[in-house]
Amino acid sequence: MKLEKLSNIALYTTIGIGVVCFLLFFLVDYSNMDFDGVHVSPALTDLVIILIYLLLAVTAGLTIWSLIRGASVNSGNTGPNPTGIASGKITLCTWGLVIVALIIGVVCGLGEEDFTTVSGKTTAAGMVTVVDMWIWAIYILAIAAILAVVVSMSGWLTKSAMPKE
């Protein structure tokens with residue numbers, strides 16, 4: 001089986017599982033009242049949490065595998081990049097964007113107060129700031145990823161990197 005076909009199958013399967021889990025989350029017993037009789041606690045919250053943890057673990061594993069594989073494949077390669085795409089610059093820009101997104105997240109989350117839930121559990125202001133930082137970073141990186149996909153699909157980088165005849 002070709003790698004591209006396997007990749008498409010994995011992508012569509014992941015999207016399908018995500019859609020089914022979120023539909024079940026929103027449609028199955030959503031009117032489950034919490035202990036206080038005011039707040040709604042969906043019955044399948046644990047399903048979505050498990051899905052998110054599973055996707056996070058798979059993503060982390062594939063990222064580590066890709067880094068190790070990329071380092072071993074490219075370890076002796078000092079020649080020009082055959083695709084013409086400046087992958088080194090893209091990598092540096094990506095890391096720079098991650099750092100900038102985290103800094104923006106910290107700045108936007110400064111000054112948070114302790115958060116107390118209905119059940120009386122309190123989360124320290126520092127942890128609320130950390131959560132806000134990651135939420136901002138996720139938004140910024142998601143927008144950057146969407147823009148990268150649009151640019152990649154347009155073929156602009158490949159066309160502009162090709163040597164002119």
Side-chain angles (χ1 to χ4, degrees), residues 7 10-71 74 81 85-154 156-158 160-161:
S7 176
L11 174 67
Y12 294 135
T13 303
T14 304
I15 291 172
I17 290 171
V19 167
V20 168
C21 286
F22 279 100
L23 282 175
L24 288 173
F25 172 76
F26 285 114
L27 297 177
V28 174
D29 200 17
Y30 195 79
S31 60
N32 211 9
M33 286 308 221
D34 217 350
F35 59 89
D36 63 355
V38 177
H39 296 87
V40 177
S41 177
L44 297 177
T45 303
D46 290 341
L47 173 69
V48 173
I49 291 172
I50 290 169
L51 173 69
I52 299 302
Y53 279 135
L54 181 68
L55 291 175
L56 179 67
V58 168
T59 303
L62 288 173
T63 301
I64 292 168
W65 176 76
S66 295
L67 288 172
I68 292 170
R69 185 173 184 281
N74 295 329
N81 187 347
I85 297 174
S87 57
K89 289 179 183 177
I90 292 172
T91 301
L92 286 175
C93 288
T94 302
W95 280 110
L97 181 62
V98 169
I99 292 168
V100 168
L102 292 175
I103 290 170
I104 290 171
V106 168
V107 170
C108 290
L110 290 177
E112 289 288 341
E113 298 177 8
D114 290 349
F115 180 78
T116 305
T117 63
V118 176
S119 62
K121 288 176 99 178
T122 302
T123 303
M127 285 309 297
V128 175
T129 300
V130 168
V131 169
D132 284 351
M133 172 193 71
W134 286 109
I135 290 172
W136 275 99
I138 287 168
Y139 288 153
I140 292 167
L141 295 173
I143 291 168
I146 291 168
L147 291 173
V149 167
V150 168
V151 169
S152 175
M153 288 176 63
S154 72
W156 178 78
L157 281 177
T158 308
S160 66

Query raised in the report: What closest approach, in Å, do A137 and A101 show between heavy atoms, and which atom pair accounts for it?
Result: CA-CB, 3.9 Å
**Report entry** Sub-4.5 Å side-chain heavy-atom contact between I140 and V100
**Finding:** no
Query raised in the report: How long is the gap from OG1 on T13 to CD1 on I17, to the nearest 0.5 Å?
Result: 6.0 Å
Query raised in the report: Side chains of W136 and L102: does their closest heavy-atom pair fall under 4.5 Å?
Result: no
Query raised in the report: side chain to side chain contact (heavy atoms under 4.5 Å, CB included) with T59: which residues, sequence neighbours excluded?
Result: T63
Requested in this report: Please round to the nearest 0.5 Å and tell me the distance separating atom CG of L97 and atom CG of L92.
Outcome: 12.5 Å
Report task. Check side chain to side chain contact (heavy atoms under 4.5 Å, CB included) between S7 and all other residues, then give those that pass, not counting sequence neighbours. Result -> none
Query raised in the report: Can you tell me how far SG of C21 sits from CD1 of I52, rounded to the nearest 0.5 angstrom?
Result: 9.0 Å
Report task. Examine distances only and state if a side-chain atom of D114 and a backbone atom of A125 form a donor-acceptor pair shorter than 3.5 Å. Result -> yes
Query raised in the report: Between F25 and L44, what is the shortest heavy-atom contact and its length?
Result: CD1-O, 3.6 Å
Query raised in the report: Partners of S66 by side chain to side chain donor-acceptor pair (under 3.5 Å), sequence neighbours excluded?
Result: none
Report summary line: Value for CE (M133) from CD1 (I138), rounded to nearest 0.5 Å, stands at 9.5 Å
